[in-house]
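Ligands are counted one by one from 1 in listed order, and the atoms in each one are counted from 1 as well.
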Amino acid sequence: MTVSSAPGKVYLFGEHAVVYGEPAVPCAIERRATVSVETREDSRVRVSAPDLSLDGFTVEYGGNGDERPDVNVAEGLVEAGIEYIDVAVEQARDAANAPNAGFDVTVESDIPLGAGLGSSAAVVVASIDAATRELGHPLDPEELAARAYRAEYEVQDGQASRADTFCCAVGGAVRVEGDDCQHIDAPSLPFVVGFDGGAGDTGKLVAGVRSLRDEYDFAADTVESIGDLVRRGESVLAEADPTDHPPEDVLAELGRLMDFDHGLLEALGVSSRTLDNMVWAAREAGAHGAKLTGAGGGGCIVALDETAETETALRYTAECEDVFRAELARDGVRVEDE
Ligand code: PMV
């Protein structure tokens with residue numbers, strides 16, 4: 001059996017605009033998906049995800065994904081879980097040249113599903129890593145990221161950038177612009193995450209931005225402005241000492257850019273009342289800045305605050321179901337047991 005884990009992420013800036021070739025800066029966070037994989041005698045795949053929802057689910061199906069399981073949990077959840085694992089298994093079989101390999105897969109995750117924290121990328125990256133290791137064909141993080149991207153691209157009908165999968169595979173802070181993905185030096189930022197208990201539909205939200213952008217020049221300008229603020233944010237990060245706590249002026253400017261980014265994302269129609277309320281609760285508590293993270297529509301916000309004020313304020317905000325501090329995860333994917 002091989003067990004691999006991979007981190008979730010927050011977007012410091014740049015979601016949505018990254019789909020149109022603007023840069024984005026996601027940061028891996030210490031909330032991980034852990035996937036155990038064991039090869040089987042036959043070519044079937046058994047997926048067990050005991051804690052992905054209140055009920056959890058276990059399904060077993062044929063190696064080529066043609067049989068659909070009959071289980072008693074929300075169809076969307078099962079479909080999402082299985083589809084991502086299906087494509088991850090295909091990538092692992094392809095990488096190891098083992099088209100008939102079968103696996104028992106167990107997924108555990110402390111990353112809320114579909115909430116802008118990269119849960120699917122973490123599951124896909126950890127699954128491919130564990131499955132290829134099980135087959136005696138480990139991949140380096142870059143190749144793993146490329147295969148995980150192909151897997152996500154397939155499930156999400158082409159509505160995926162390389163940001164999530166690359167960040168999750170290599171860890172730390174990264175910069176993604178089109179196909180160009182790089183690790184960047186960044187100090188440990190004091191992230192606070194607020195979660196409204198919901199999720200957004202990434203495909204729908206991306207399509208909404210695309211149609212606004214096609215219809216209005218000012219919406220296209222808004223997307224470009226997000227790119228401009230990301231470039232500004234990168235230069236602020238580049239000046240900070242990555243080995244030290246970021247100074248007040250760096251946090252203040254990053255926070256201002258996060259606020260700006262949230263405003264532009266709101267204009268593009270991807271925020272929601274619950275996300276806005278959490279963002280305002282964080283700002284009023286004295287956070288340096290706050291914004292939604294990921295596709296939006298519901299899910300999570302990320303704020304910058306080194307004090308306990310934002311966490312306390314979010315805990316008393318009706319729309320906020322969970323709040324936690326998120327350390328920058330320096331490790332990307334890693335083997336937990338082999
Ligand atoms: O909500 P998430 O974590 O799936 O992030 C989506 C980010 C988008 O920029 C909206 C789409 C993408 O693939 O980059």
Side-chain angles (χ1 to χ4, degrees), residues 6-29 31-33 76 80-81 83-84 87 109-125 145-146 148-169 174-181 191 193-213 219 222-224 226-227 229-230 258 261-262 264-272 274-275 291-302 326 329:
K9 57 104 216 352
V10 293
Y11 273 92
L12 186 55
F13 338 95
E15 54 272 89
H16 284 286
V18 71
V19 175
Y20 310 99
E22 301 292 346
V25 179
C27 298
I29 57 167
R31 283 247 151 174
R32 306 182 79 90
E83 263 189 314
Y84 283 109
V87 289
S109 176
D110 55 10
I111 309 167
L113 288 182
L117 299 185
S119 55
S120 58
V123 168
V124 169
V125 166
Y149 168 66
R150 268 179 255 155
E152 277 220 323
Y153 190 90
E154 205 177 303
V155 179
Q156 291 168 205
D157 294 327
Q159 311 273 25
S161 71
R162 292 180 184 274
D164 277 28
T165 38
F166 183 76
C167 181
C168 159
V174 307
R175 172 193 207 273
V176 175
E177 183 170 5
D179 290 342
D180 181 39
C181 302
F191 293 128
V193 174
F195 175 40
D196 69 5
D201 181 333
T202 303
K204 234 191 223 162
L205 291 152
V206 171
V209 172
R210 190 182 297 282
S211 70
L212 275 179
R213 190 173 159 272
T222 303
V223 169
E224 279 181 31
I226 294 178
L229 79 79
V230 176
M258 289 168 75
D261 198 359
H262 183 77
L264 297 178
L265 290 166
E266 209 274 329
L268 291 170
V270 298
S271 192
S272 69
T274 51
L275 294 174
K291 61 181 279 293
L292 66 84
T293 173
C300 292
I301 65 140
V302 56

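- Residue-level proximity to ligand 1 for D164 is carried by the side chain, the only part with a heavy atom below 4.0 angstrom.
- A donor-acceptor pair is defined here as one N or O able to donate and one able to accept, closer than 3.5 Å; no such pair exists between the side chain of E177 and the backbone of P23.
- Atom 13 (O) of ligand 1 has its closest protein heavy atom at S161 N, 2.8 Å.
- Here the protein heavy atom with the shortest distance to atom 3 (O) of ligand 1 is K9 NZ, 2.8 Å.
- Under the 4.5 Å side-chain criterion, counting only non-hydrogen atoms from C-beta, E266 is not in contact with L275.
- Near V18, with a cut-off below 4.0 Å to any heavy atom, the atoms of ligand 1 are 9 (O), 14 (O).
- Remark: the backbone N or O of V19 is not paired with any side-chain donor or acceptor of S161 at under 3.5 angstrom.
- The closest side-chain heavy-atom distance from V209 to L205 is not below 4.5 Å.
- Counting heavy atoms closer than 4.0 Å to ligand 1, residue Q156 contributes nothing at all.
- Each of the following atoms of ligand 1 lies closer than 4.0 Å to a heavy atom of E15: 9 (O).
- K9 NZ to L117 CG: the interatomic distance, rounded to the nearest 0.5 Å, is 6.5 Å.
- Shortest contact from atom 11 (C) of ligand 1 to any protein heavy atom: V19 CG2, 3.9 Å.
- Of all the heavy atoms of A163, none lies under 4.0 Å from any atom of ligand 1, so neither backbone nor side chain is involved.
- The contact set between ligand 1 and H16, taken as ligand atoms under 4.0 Å from a residue heavy atom, comprises 8 (C), 9 (O), 10 (C).
- Protein heavy atom at the shortest distance from atom 7 (C) of ligand 1 is Y11 OH, 3.7 Å.
- Closest protein heavy atom to atom 6 (C) of ligand 1: A295 N, 3.6 Å.
- Heavy-atom contacts of G116 reach the following atoms of ligand 1: 1 (O), 3 (O) (cutoff under 4.0 Å).
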